[in-house]
Amino acid sequence: MASLAFFFVLISSTFLSSQANNLHLQQLRTQDESFTSILVSQNGLDFVKDLLVNEAISSIIPLQLPATIEKSARIPFLGNVHMVISNVTIYKIDVLASYVKLGNSGIAIVASGTTCNLTMNWHYSYSSWLVPIEISDGGRASVEVEGMEVGLTLGLENHEGTLKLSLLESGCYVKEITIKLDGGASWLYQGMINAFEEQIGSAVESAITNKLKDGILKLDSFLQSLPKEIPLDDNASLNVSFVENPELSSSSIEFDINGLFTDGKKVQPVSNHYRQVFQPSVFCIDQSKMLGISLDEAVFNSASALYYDAEFMEWIVDKVPDQALLNTAGWRFIIPQLYKKYPNDDMNLNISLSSPPVIRISEHNIGATVYADVIIDVVEGSQVISVACISLVIRGTGSVKIMGNNLGGSVKLDDLAMSLKWSKIGNLRMYLIQPVMWTLVQTVGIPYANSYLGKGFPLPIIHGFTLQNAEIIFSSSKVTVCSNVSYSESDNLNQVPIHIKCNQTKEMASKTHQYQKVWPINLF
């Protein structure tokens, strides 16, 4: 029954302006805003319904009916016959057809044309004036229930950031029963049918209905136990608390979650830039796709701001592909006074971001703008001397792709603007320095960023489910993943928790031989 959790589960920043430095922490986060929407289409509902039916059957059978059924009847020439059936067990259920329907009253799931096979023990005894002693017989019997219909209507609502599932209606109706005795007197066949058909039908209806009620209670408990935040690494968690009630239409159901990256160690304020007037909605061009996940650009910007405030966006570069660029001799024609004052000395580039990177999503692509300061250091023995600082504005565009359940991609450099922030060695000719900085960004910064962007941004998908034939759609301030879904039957949803693959920042942070601190954030 826990497979129904696939429904509920697994996961707007402003444009660039002069206020970009205020993009991070400004005021307390509000928990009632949605920046990620999940849409389950009719095909997705049918997929989950089939999975739910199969899981429900596997959890029901074998089902032993609790009661022993007894009945006495007076049969001509025999007198009073006492009949008992016991150990009635449902061992097989086949569903001919089923459907799921959404409406204002909730989610209705109906299975029709269902057959149900049972086994039971039977026993009878009688005595009459013809035979003064008691005569008894017994054996096993097989029972086939045909034309059974099972239905339930579920209510689903947001309860303090989690989903609460309630059973609004349920029922089971048996149309016809066939009983076949194994052993015993065949002439009593019709009598057994007449005597027990109604009682067996009622027992089956009651047992299946009660089993469904128990299953819904367990599923509700499972849903409410799901975490509201999912840790991704030592610094970040993903806020997966639900916002508002699910929105039901005639052919889909939409869930809105907060979706922002948060610092699990402290109360994390977020920028006004994340706030939006309308909640995100999901639109897939191919409406046959089972699932649509829409992420507002605020999700990416929240990650950007979080890792910026965690001081991960600064590092010291002491190795580059062209190592001559990290010696003053390589700059003697670009900054002559640097070489004159510090001839043949090694250099470091101390790079730090002056504000969180700004992510923009348009109808065509994803754009990123990075504001960075590059301090040129000269190494004289054990002494590090800062000689100049250059401010960079780096603009790039990204491409994205689906890799398993990850949203990954890459970025390319589009534009680089720079200005001198301060200098201890006099004025610098920026037009001579710009090609060098372009080369450094192109050969060091971009490959480094793509090495982590290529690993992908983890989407919150319940373990056992995998995106299939996914498509990516860009729109104003949003990126939407539209996909079909497959399920591995080797995973038992009753036993496995939500699992999210994420990159390990400790491994990256250990690379101190090349970088003092690293930037472990996947922007795309």
Side-chain angles (χ1 to χ4, degrees), residues 1 49-50 52-101 108-126 135-153 167 169-216:
M1 298 287 294
K49 175 262 301 176
D50 291 339
L52 173 61
V53 169
N54 291 333
E55 288 287 325
I57 291 174
S58 64
S59 66
I60 288 176
I61 57 174
L63 175 61
Q64 184 170 349
L65 277 59
T68 296
I69 304 175
E70 301 183 33
K71 189 167 185 176
S72 295
R74 186 170 183 81
I75 299 178
F77 303 109
L78 292 181
N80 290 326
V81 178
H82 183 66
M83 295 169 285
V84 179
I85 60 173
S86 61
N87 196 25
V88 182
T89 303
I90 300 174
Y91 70 91
K92 182 181 179 181
I93 297 177
D94 290 318
V95 176
L96 178 63
S98 61
Y99 67 88
V100 57
K101 185 176 182 180
I109 301 176
V110 176
S112 59
T114 302
T115 60
C116 180
N117 296 94
L118 304 86
T119 59
M120 67 181 185
N121 296 331
W122 61 271
H123 179 270
Y124 73 89
S125 61
Y126 71 92
I135 298 176
S136 63
D137 198 359
R140 298 280 291 172
S142 59
V143 181
E144 184 174 87
V145 177
E146 296 181 333
M148 185 170 67
E149 291 192 3
V150 182
L152 66 160
T153 301
L167 182 61
E169 294 181 66
S170 65
C172 178
Y173 170 71
V174 172
K175 181 179 179 181
E176 184 178 345
I177 292 180
T178 302
I179 301 176
K180 181 180 179 181
L181 298 180
D182 298 324
S186 60
W187 55 269
L188 199 57
Y189 174 79
Q190 191 62 46
M192 291 287 289
I193 291 180
N194 294 337
F196 289 103
E197 183 179 78
E198 183 177 347
Q199 289 91 333
I200 294 174
S202 297
V204 170
E205 292 171 349
S206 178
I208 291 181
T209 300
N210 291 334
K211 194 69 174 179
L212 289 175
K213 290 179 180 179
D214 292 341
I216 297 302

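A search for salt bridge (Lys or Arg N to Asp or Glu O under 4.0 Å) contacts involving Lys175 returns nothing, not counting sequence neighbours. Shown here are the salt bridge (Lys or Arg N to Asp or Glu O under 4.0 Å) partners of Asp50, two or more places apart in sequence or in another chain: there are none. Checked against side chain to side chain donor-acceptor pair (under 3.5 Å), Ser98 has the following partners two or more places apart in sequence or in another chain: Lys49. Scanning for side chain to side chain contact (heavy atoms under 4.5 Å, CB included) contacts around Ile60 gives Leu63, Ile93, Lys211, with sequence neighbours left out. Remark: Glu70 engages His82 in a side chain to side chain donor-acceptor pair (under 3.5 Å) (not counting sequence neighbours).
Nearest approach of Ile216 to Leu152, heavy atoms of both residues: CD1-CD1, 3.9 Å. Across Glu205 and Cys172, no two heavy atoms sit closer than the pair CG-O, 3.2 Å. Smallest separation of non-hydrogen atoms from Trp122 and Ile85: CB-CG2, 4.1 Å.
Between Asn54 atom CG and Ser59 atom OG the span is 10.5 Å, to the nearest 0.5 Å. With rounding to the nearest 0.5 angstrom, the CG atom of Leu212 is 8.0 Å from the CG atom of Leu167. With values rounded to the nearest 0.5 angstrom, Ile69 atom CD1 is found 8.0 Å from Met120 atom CE. Considering CG of Asp94 and CD of Glu144, their distance stands at 9.0 Å, rounded to 0.5 Å.
Glu169 CD: 12 or fewer foreign heavy atoms inside a 6.0 Å radius. By the 6.0 Å contact criterion, OH on Tyr91 is enclosed, its count of non-hydrogen atoms from other residues, nucleotides or ligands being greater than 12.
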Run the side-chain donor-acceptor check on residues 108-119: report pairs under 3.5 Å with partners two or more places apart or on a different chain.
| from | atom 1 | to | atom 2 | distance (Å) |
| --- | --- | --- | --- | --- |
| Thr114 | OG1 | Met148 | O | 3.4 |
| Thr119 | OG1 | Arg140 | NH2 | 3.3 |

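The main-chain N or O of Ser206 is never found under 3.5 Å from a side-chain atom of Thr209 such that the two would form a donor-acceptor pair.
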As a quick check of understanding, evaluate side-chain contact (heavy atoms from CB on, under 4.5 Å) for Val145 and Ile90, giving each step before the final call.
CA-CA 10 Å; Val145 177; Ile90 300 174; over 6 Å; no
